[in-house]
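Structure first, commentary second.
When a residue number appears, it is its place in the shown sequence, counting from 1. Please read these numbers as outputs of a predicted model, since none were measured by experiment.
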Amino acid sequence: MKLLPEIKVHQKRPALDARPLERRVGLIILATDHTSEPDFRRMVASERIGVYVARIPYANPTTPENLRKMQPALTAGAALILPDEPLDAICYSCTSASVVIGDAEIEAAIQAAKPGVPVVTPPMAGVRGLRALGARKISILTPYTVETSRPMAAYFAAQGFDIASFTCLGFEDDREMARIAPAKLVDLAREATEASADALFVSCTALRAALAVTCMEKAIGRPVVTSNQATAWNCLRLCGDDTQRPEFGRLMTLPPGQ
């Protein structure tokens with residue numbers, strides 16, 4: 001039997017960097033989410049910015065009642081992201097739930113675990129993005145049912161937008177929403193955009209819409225803002241990253257919104 005070598009403790013600990021990565025973005029997503037994590041990996045994560053993910057319980061169908069049930073899990077989900085360490089931003093990646101629960105309530109629930117962290121929701125980021133683009137009259141496309149789309153229409157109207165048209169696809173399962181091909185979203189965007197609209201908002205973090213933004217913009221001849229593209233843009237700007245990424249649409253070339 002071979003003798004094991006003596007294990008020595010180095011006498012001097014190496015100096016430590018302030019953080020493993022310069023900036024930290026927290027991402028709270030649904031247990032069923034197929035899309036937010038890959039989108040943030042391609043649009044936000046870099047050698048400078050880390051994206052740290054927590055999943056919280058969620059069960060279909062996508063109804064206002066089921067969406068509201070996620071609110072109690074938000075604090076615990078946020079607490080699991082690098083416990084006791086500060087974040088530069090944290091995003092709750094569910095557009096329809098953010099509208100139903102309310103931005104202020106989501107911010108309070110997350111900040112109970114992460115005091116002072118800037119909180120981003122998809123509809124909030126969508127509003128900032130549309131304003132940064134100068135849009136006032138918009139068309140909206142969602143994959144939801146009419147019941148789940150109705151609060152979305154009310155949210156954007158309350159933010160001062162004139163809604164030229166609103167189209168929904170009638171889906172109840174976010175896992176099916178994620179299976180709509182990006183190329184099909186281009187066709188749907190063309191059909192859903194009213195001629196008088198300044199821009200199109202494509203709602204839902206389950207949709208692979210960020211992959212189709214530039215093609216949608218070319219098809220309709222005006223800016224397109226999507227849920228994951230808008231939250232990625234908002235989180236990047238909160239991290240001080242103003243790099244232009246035109247491959248993800250006109251919004252990704254703009255400075256922080258108001």
Side-chain angles (χ1 to χ4, degrees), residues 27 35-36 39-40 42-44 89 91-99 103 120-144 149 151-169 177 180 182 184-238 241-258:
L27 184 62
T35 309
S36 297
D39 273 355
F40 264 62
R42 66 173 62 93
M43 290 191 287
V44 179
C91 173
Y92 171 46
S93 193
C94 187
T95 322
S96 51
S98 297
V99 164
D103 290 330
V120 175
T121 71
M124 175 199 302
V127 166
R128 290 170 178 164
L130 290 164
R131 287 176 178 164
L133 288 160
R136 296 183 179 181
K137 190 173 188 179
I138 63 172
S139 288
I140 298 176
L141 172 65
T142 83
Y144 321 126
S149 294
M152 188 73 59
Y155 179 96
F156 280 90
Q159 293 292 332
F161 291 98
D162 181 0
I163 301 176
S165 62
F166 196 118
T167 304
C168 69
L169 304 179
M177 298 172 197
I180 301 172
K184 182 58 181 175
L185 291 174
V186 177
D187 296 334
L188 291 166
R190 188 183 292 110
E191 295 170 17
T193 306
E194 175 68 30
S196 62
D198 300 321
L200 171 68
F201 177 66
V202 182
S203 178
C204 191
T205 58
L207 292 178
R208 291 176 286 160
L211 296 173
V213 171
T214 55
C215 291
M216 286 191 283
E217 289 184 333
K218 184 177 180 180
I220 69 173
R222 66 207 78 184
V224 173
V225 174
T226 81
S227 291
N228 289 348
Q229 171 222 38
T231 54
W233 168 76
N234 203 164
C235 287
L236 284 168
R237 300 309 182 248
L238 285 168
D241 187 330
D242 294 330
T243 304
Q244 295 194 6
R245 301 284 299 278
E247 67 270 29
F248 293 116
R250 297 186 204 180
L251 179 60
M252 279 291 205
T253 68
L254 300 181
Q258 300 300 315

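- Closest heavy-atom contact between C235 and A89: SG-CB, 4.3 Å.
- Screening residues 207-222 for side-chain hydrogen bond (donor to acceptor under 3.5 Å, both in side chains) gives no qualifying pairs among residues at least two apart or on separate chains.
- In terms of heavy-atom proximity, F248 sits nearest to Q229 at O-NE2, 2.9 Å.
- Using a 4.5 Å heavy-atom cutoff, the side chains of L169 and L141 are in contact.
- Distance CD/Q159 to CG/D103: 7.5 Å, rounded to 0.5 Å.
- To the nearest 0.5 Å, atoms CD1 (I220) and SG (C215) are separated by 12.0 Å.
- Side-chain atoms of F40 and T231, non-hydrogen and from C-beta on, do get closer than 4.5 Å to each other.
- No side-chain heavy atom of L251 sits less than 4.5 Å from a side-chain heavy atom of P223.
- Contact annotation: the side chain of K137 approaches that of S196 to within less than 4.5 Å [non-hydrogen atoms, C-beta and beyond].
- Here the closest heavy-atom approach between residue T193 and residue L200 is recorded as OG1-CD2, 3.6 Å.
- When side chains are defined from C-beta on, S139 does not count as touching T167, because their heavy atoms never get closer than 4.5 Å.
- Using a 4.5 Å cut-off on side-chain heavy atoms (C-beta onward), M252 and L236 make contact.
- Judged by distance alone, with hydrogens and angles left aside, the side-chain atoms of S165 form a donor-acceptor pair with the main-chain N or O of A192 at under 3.5 Å.
- R237 contributes a side-chain N or O that, together with a main-chain N or O of D241, makes up a donor-acceptor pair within less than 3.5 Å.
- Atom CG of L254 sits about 5.0 Å away from atom CG of L133, to the nearest 0.5 Å.
- More than 12 heavy atoms of other residues, nucleotides or ligands shown are found within 6.0 angstrom of CZ on R42.
- Of the inter-residue distances, the one linking I163 atom CD1 with I138 atom CD1 reads 5.5 Å to the nearest 0.5 angstrom.
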Before giving the answer on side-chain contact (heavy atoms from CB on, under 4.5 Å), spell out for V127 and F201 the whole-Å C-alpha distance, their side-chain angles and the decisive distance to 0.1 Å. CA-CA 9 Å; V127 166; F201 177 66; over 6 Å; no
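- Between the side chain of W233 and the main chain of V225, no donor-acceptor pair closer than 3.5 Å is present.
- Taking the side chain as every heavy atom from C-beta outward, V99 and F156 never approach each other to under 4.5 Å.
- Within the structure, the salt bridge (Lys or Arg N to Asp or Glu O under 4.0 Å) test picks out the following pairs touching residues 187-204 (sequence neighbours left out): D187-R190.
- T205 and T95 share no donor-acceptor pair across their side chains, judged by distance under 3.5 Å alone.
- S203 and Y144 are linked by a side-chain donor-acceptor pair at a separation below 3.5 angstrom, with hydrogens and angles left out of the test.
- Proximity of M216 to T226: side-chain heavy atoms (C-beta onward) are separated by under 4.5 Å at one or more points.
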Please assess T142 against C204 for the test side-chain contact (heavy atoms from CB on, under 4.5 Å), listing each intermediate value before the final yes or no. CA-CA 7 Å; T142 83; C204 191; over 6 Å; no
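- Note that the OG atom of S36 and the OH atom of Y92 stand 10.5 Å from one another [nearest 0.5 Å].
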Chi angles and distances behind the side-chain contact (heavy atoms from CB on, under 4.5 Å) call for S227, L207: CA-CA 9 Å; S227 291; L207 292 178; over 6 Å; no
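- Across all non-hydrogen atoms, the minimal contact from L238 to V120 is CD1-CG2, 3.6 Å.
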